[in-house]
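Just so you know, ligand 1 is whichever comes first in the structure, and atom 1 is the first atom listed for that ligand. No hydrogens, no waters, no symmetry mates; every other heavy atom, side chains included, goes into these values.
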Amino acid sequence: MTPSEKIVNIEEKLNNWLREALVRAFPESTADADTIAVTPATDEQFGDYQCNAAMGLARVLKTNPRQIATQWVDAVEPADWVEQIDVAGPGFINIRVAAAALADGLMAMDEDARLCTPETGRDRTVILDYSSPNVAKPMHIGHIRSTVIGCALDRLHRFLGFRVIADNHLGDWGTQFGLLIMGYRHFLDETRLREQPVEELERLYVKSYERSREDPDWLDAARRELVKLQQGDADNRALWQSFVDLSMREFNRIYDRLGVSFDVVRGESYYRDQLAAVVQLLQAQGLAEESEGAQVVRLDDEGIPLCIVQKSDGGFNYATSDLATIKQRMEEFDTEQIIYVTDERQQLHFKQCFAIARKLGWTAQLVHVWFGLMRLPEGTFSTREGNVIKLERLLDEAEERALRLVQASSPEMDAADQRAVARAVGIGAIKYADLSQNPQSMITFTWDKALAMDGNSAPYLQYACARIASVQDKYQARYSGQDCRAYPIELTEVVERRLALRLLRFPSAVNRATALLRPSVLADYLYELAQTYSSFYQNVPFLKAPEGVRESRIRLCGLVARVLRQGLDLLGIETPGRI
Ligand code: ARG
């Protein structure tokens with residue numbers, strides 16, 4: 001048995017215990033595990049956990065909730081690890097766990113590399129489609145959310161044992177390349193291409209596009225170039241490849257800075273030869289029909305607009321490409337789920353694709369995680385061109401600001417170390433500002449909030465870890481050779497108990513963040529843990545406490561640091577040893 005299996009995940013243990021009692025008291029109830037799951041008590045006076053399931057069961061069992069709760073509680077197996085269980089109000093069940101059981105749970109966590117988080121995703125495959133920028137366009141701040149949220153979801157799933165395929169689905173195919181090739185052949189500025197290749201490609205495209213609006217011959221020529229590219233013309237293919245390579249070089253630079261990597265980088269172009277077959281399949285199944293020369297799939301039954309899968313000129317659409325992609329992914333990776341992370345503007349697109357996939361009988365679970373766009377208060381960023389804030393400049397600015405912070409807090413640190421710490425703090429701040437929000441709310445980014453040392457920010461959490469490290473160092477210096485783990489964890493003070501309950505909630509925070517596809521659930525948990533730690537730290541003595549109590553507290557500190565580090569790591573955020 002591995003330690004994770006042995007444990008003592010308190011919430012799980014409570015849930016099982018309550019379920020058994022419910023079955024005994026009401027064999028006819030068919031409540032599922034989720035419905036009866038305990039939640040942390042809203043008021044610690046009443047207990048550690050509460051279960052509100054009796055209210056819901058009342059309808060099914062046609063009995064009043066208070067009576068259900070009472071019979072239920074009467075049916076529980078006596079357990080020495082539960083200090084108190086009682087019924088309150090209309091039928092709430094309140095539970096207080098014995099301090100010794102909490103301490104056992106913490107010691108099990110302390111001995112387990114995974115902090116007692118079960119690998120619930122073992123043998124399951126999930127594909128994460130995120131970042132996915134477009135070739136020949138600079139990545140801008142809107143893309144950061146997909147990359148940062150996608151990366152956190154990726155790490156969370158991997159930690160839970162899922163087999164994750166991270167796929168960067170580049171926008172590297174489509175009608176824009178005809179115009180871009182024309183722009184490149186006629187307006188290229190070699191110097192600019194060398195200095196700022198992707199910006200230059202974008203300029204060329206825009207120029208060519210503008211020209212096409214007033215010059216039909218230009219548009220025709222662009223169409224011809226596109227057809228040549230699609231038919232495999234060597235010159236156009238080489239040019240296209242160079243656009244992809246130049247863009248990838250820039251994207252990779254950003255991925256390096258963000259610490260993001262992919263298992264598969266397949267652009268839309270990868271599926272280009274599979275598009276006709278998708279349309280044929282849809283026709284064969286009676287799902288696609290002709291309308292004004294185009295092939296469309298009607299989705300009236302889903303209450304959404306029809307989807308054009310082939311245009312009247314024979315060209316295929318974004319949706320066709322995504323359908324081919326789903327088919328390929330299901331066949332190649334035998335995946336259970338595909339998760340897409342993009343901004344809110346693609347909601348209809350994915351609704352249409354998912355509806356068509358369902359009609360085709362494709363079984364993979366398809367999920368769109370969308371996010372609102374990030375708003376920037378006027379004047380926040382020093383470098384701006386129109387509304388497009390270049391991602392690299394944003395990262396530069398984050399590191400510069402973090403460097404000033406580190407120089408102020410650790411003036412004695414040598415310059416290279418300061419820069420390394422500033423990198424972790426600056427990039428962490430940007431990521432956390434994004435991840436700590438509900439992705440679907442519109443967020444306004446401010447430097448003050450992102451870099452706040454005393455608020456819900458990455459620097460605050462990173463700093464908490466660093467502070468704990470220095471407490472541990474002091475302990476080591478004073479009691480060198482002493483092994484805290486030789487002493488048991490004991491919870492005597494109220495703040496210790498509070499801290500214990502928070503720590504023990506780590507596995508469920510990770511599970512919930514993953515199941516809900518919301519990294520903010522984990523971020524909230526980490527922030528609360530850091531706050532609880534801070535009141536613990538301020539209210540009880542550590543090094544001055546008597547032997548045994550001292551060691552127990554140092555062990556608690558160590559666990560807090562491990563949970564914070566592990567949690568931040570799952571969000572893709574580094575924790576420097578010192579700040
Ligand atoms: N390239 C698209 C964009 O930048 C995002 C692609 C998302 N993934 C997908 N399979 N459609 O908006």
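Aromatic ring pairs are classed by plane angle as parallel below 30°, tilted from 30° to 60° and perpendicular above 60°; the pair Phe243 and Phe177 is parallel. Between Tyr527 and Tyr460, the ring planes are perpendicular. Angles over 60° get that label, and only those under 30° would be called parallel. Between Trp240 and Trp173, the angle of the ring planes goes over 60°, which puts this pair in the perpendicular group of the 30/60° scheme.
Across all non-hydrogen atoms, the minimal contact from Arg145 to Gly372 is NH1-O, 2.8 Å.
When only interatomic distances are considered, the shortest N/O to N/O separation between Asp322 and ligand 1 falls below 3.5 Å. Residue Thr342 places no N or O, backbone or side chain, under 3.5 Å from any N or O of ligand 1. Considering backbone and side-chain atoms alike, Asn134 places an N or O below 3.5 Å from some N or O of ligand 1. For a threshold of 3.5 Å applied to N or O pairs, the pair formed by Glu268 and ligand 1 contains no separation below that value.
Ion pairing of Asp301 with Arg358 is absent here, as no side-chain N (NZ or NE/NH1/NH2) approaches a carboxylate O to less than 4.0 Å.
No heavy atom of Thr325 sits closer than 4.0 Å to any atom of ligand 1. Using a 4.0 angstrom heavy-atom cutoff, Gln346 counts as in contact with ligand 1.
The Tyr340 neighbourhood of ligand 1 comprises atoms 10 (N), with distances under 4.0 Å to a heavy atom of that residue. Heavy-atom proximity to Tyr318, at under 4.0 Å, picks out these atoms of ligand 1: 2 (C), 5 (C), 6 (C), 7 (C), 9 (C), 11 (N). Heavy-atom proximity to Asp129, at under 4.0 Å, picks out these atoms of ligand 1: 7 (C), 8 (N), 9 (C), 10 (N). Numbered from 1 in the order shown, with element, the atoms of ligand 1 that lie under 4.0 Å from a heavy atom of His143 read 4 (O).
Contacts with ligand 1 closer than 4.0 Å are made by side-chain heavy atoms of Phe350 only, the backbone lying farther away.
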- Item | Verdict with reasoning, Asn168 to Tyr255, per side chain to side chain donor-acceptor pair (under 3.5 Å) | CA-CA 11 Å; Asn168 189 359; Tyr255 295 142; 3.0 Å; yes
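Between Thr342 atom OG1 and Phe371 atom CZ the span is 6.0 Å, to the nearest 0.5 Å.
Residues Thr335 and Arg329 bring no donor and acceptor atom of their side chains to less than 3.5 Å of each other.
Of the protein's heavy atoms, Ser132 O, 3.5 Å lies nearest to atom 5 (C) of ligand 1.
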